[in-house]
Amino acid sequence: MIVLGIESSCDETGIALYDTERGLLSHALHSQVKMHAEYGGVVPELASRDHIRRALPLTQKVLSDANATLGDIEAIAYTQGPGLAGALLVGASIAESLAFALDVPTIGVHHLEGHLLSPLLEETPPEFPFIALLVSGGHTQLMRVGGIGDYELLGDTLDDAAGEAFDKTAKLLGLGYPGGPAVSKLADQGDPKRFKLPRPMLNSGDLNFSFSGLKTAVLTLVNQHQPLDEATRADIASAFQDAVVEVLATKCLAALKKCRLKRLVVSGGVGANRQLRARLNAKAEQKGIQVAYPRLEFCTDNGAMIAFAGAMRLKHGGKADHAFSIRPRWDLAELTAP
Ligand code: KG4
Ligand code: ZN
């Protein structure tokens, strides 16, 4: 079955074609990062309008890249939530109208299920069950994943998400949006030992996270070292990244231990962080743990993960009425097995 996937929950229009027999056929992405950069964050109305402009040309591109035509599409999956309402509506209405015209079934996909399953697109996919660390701009969650739709939440952030902490730290250091890659790049030039930042909830005994205190600690450092020179900015970025990475890695190991599992999957934008990957890989090697990541371009939002998650569910049937609703707020734990 050839599934067209459409992602439009935030500031990236992602389209992909996934074949349940042959795997990923093609994918294309348009990032709106440059458009939103001058505002320092995503402007929802601009995001929606841009999704409208990009979705169909990108669909034509993935079809031609896969040597396919509209008639080859057998089902359509789109992000139903969570995300920006207007942006979701664009993807949902395009998906349902196209499906109506082609007379194919549809499925609304949970954006985080897309992230969670994205490492399964790789050549040697991890087997269920596994522990998943979902670290994005909006989420920091540890889950026990027993299978598609079998998600047990083990830990969550009590305040800011890890990606949000990266973005806020970037702002404090005068770096652009999105902050994660910029902070990470600057941190690589810094000395992680010059400043020691707190490790929030490292020893809390549970699997929850808290990152808002870390942001305040960064603000204090920034204020103490005005005017900031280049080396100090890099050292602060480095101290910040070191603290976040240590907390994330430690809690991943604790979750694996608690569930007696040896498989870890890391997904979401912060999963692209080089130091996080290095730390997890080193720990994993010591303890005989297998760690799986999506390829770098599929850590952040993309259409491939939506086509894939949709395809896994469409195997069990889709929806044919072409009525739709979006779910800007949607708890992953509400999902059930297909
Ligand atoms: O998964 P994603 O594309 O969007 C959400 O669904 O939130 O994640 C975006 C987040 C942003 O906060 C961004 O700053 C962060 O992921 N990010 C990173 C890196 N690349 C992206 N954070 C740390 N290091 C990176 N290399
Ligand atoms: Zn995302």
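As the structure lists them, so they are numbered: ligands from 1, and atoms in each ligand from 1.
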**OP:** For residues His27 and Phe298, establish whether the separation of their ring centroids is below 6.0 Å.
**Re:** yes

**OP:** For this output row, return yes or no: ring centroids of Phe324 and Tyr78 closer than 6.0 angstrom.
**Re:** no

With heavy atoms of [X] as the reference, note each atom of ligand 1 found under 4.0 Å away.
X      : answer
Thr300 : 3 (O)
Gly163 : 12 (O)
Gly137 : 5 (C), 7 (O), 8 (O), 9 (C), 10 (C), 12 (O)
His115 : 1 (O), 6 (O)
Gly138 : 7 (O)

Could you say whether the N/O atoms of [X] and ligand 1 ever approach to under 3.5 Å?
X      : value
Arg274 : no
Asp301 : yes
Gly268 : no
Gly180 : yes
Asn273 : yes
Asp167 : yes

Original post:
Among the N, O or S atoms that Asp301 has, which is closest to the Zn ion (ligand 2)?
Top reply: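 The Asp301 atom nearest to the Zn ion (ligand 2), restricting to N, O or S, is OD1.
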
Original post:
Under the side chain to side chain donor-acceptor pair (under 3.5 Å) test, which residues partner His225, sequence neighbours left out?
Top reply: none

Original post:
Hey, is Lys251 close enough to Glu246 for a salt bridge, meaning N to O under 4.0 Å?
Top reply: no

**OP:** In plain terms, say whether Asp188 and Lys185 are close enough for a salt bridge, that is, a side-chain N and a carboxylate O under 4.0 Å apart.
**Re:** no

Subject >> Quiz item: cation-pi between Arg277 and Tyr293, 6.0 Å / 45° >> reply: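 Positive - Arg277 is close enough to the ring of Tyr293 and near enough to its axis.
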
Subject >> Backbone or side-chain N/O/S of His115 under 2.8 Å of the Zn ion (ligand 2) >> reply: yes

Original post:
What closest approach, in Å, do Val135 and Val266 show between heavy atoms, and which atom pair accounts for it?
Top reply: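 Closest pair (atom of Val135, atom of Val266, distance): CG2-CG1, 4.3 Å.
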
Original post:
Taking the inter-plane angle between the rings of Phe211 and Phe209 on a 0 to 90° scale, is it parallel (under 30°), tilted (30 to 60°) or perpendicular (over 60°)?
Top reply: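 Judged by the thresholds at 30° and 60°, the geometry between Phe211 and Phe209 is parallel.
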
Original post:
Going by heavy atoms, is Gln241 under 4.0 Å from ligand 1?
Top reply: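 For ligand 1, residue contact (heavy atoms, under 4.0 Å) with Gln241 is absent.
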
**OP:** Please work out whether any backbone atom (N, CA, C, O) or any side-chain heavy atom from C-beta onward of His111 is under 4.0 Å from ligand 1, and answer side chain, backbone, both or neither.
**Re:**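 Under 4.0 Å from ligand 1, His111 contributes side-chain atoms alone.
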
Subject >> Closest approach of any protein heavy atom to atom 21 (C) of ligand 1, naming residue and atom >> reply: Gly269 O, 3.4 Å

Original post:
Between Thr69, Leu58, Leu17, which is the residue that forms a side-chain contact (heavy atoms from CB on, under 4.5 Å) with Leu63?
Top reply: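 Looking at Thr69, Leu58, Leu17, the match for Leu63 under the side-chain contact (heavy atoms from CB on, under 4.5 Å) is Leu17.
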
Subject >> Stepwise side chain to side chain donor-acceptor pair (under 3.5 Å) test for Asp242 and Gln275 >> reply: CA-CA 8 Å; Asp242 214 48; Gln275 207 199 322; 3.0 Å; yes

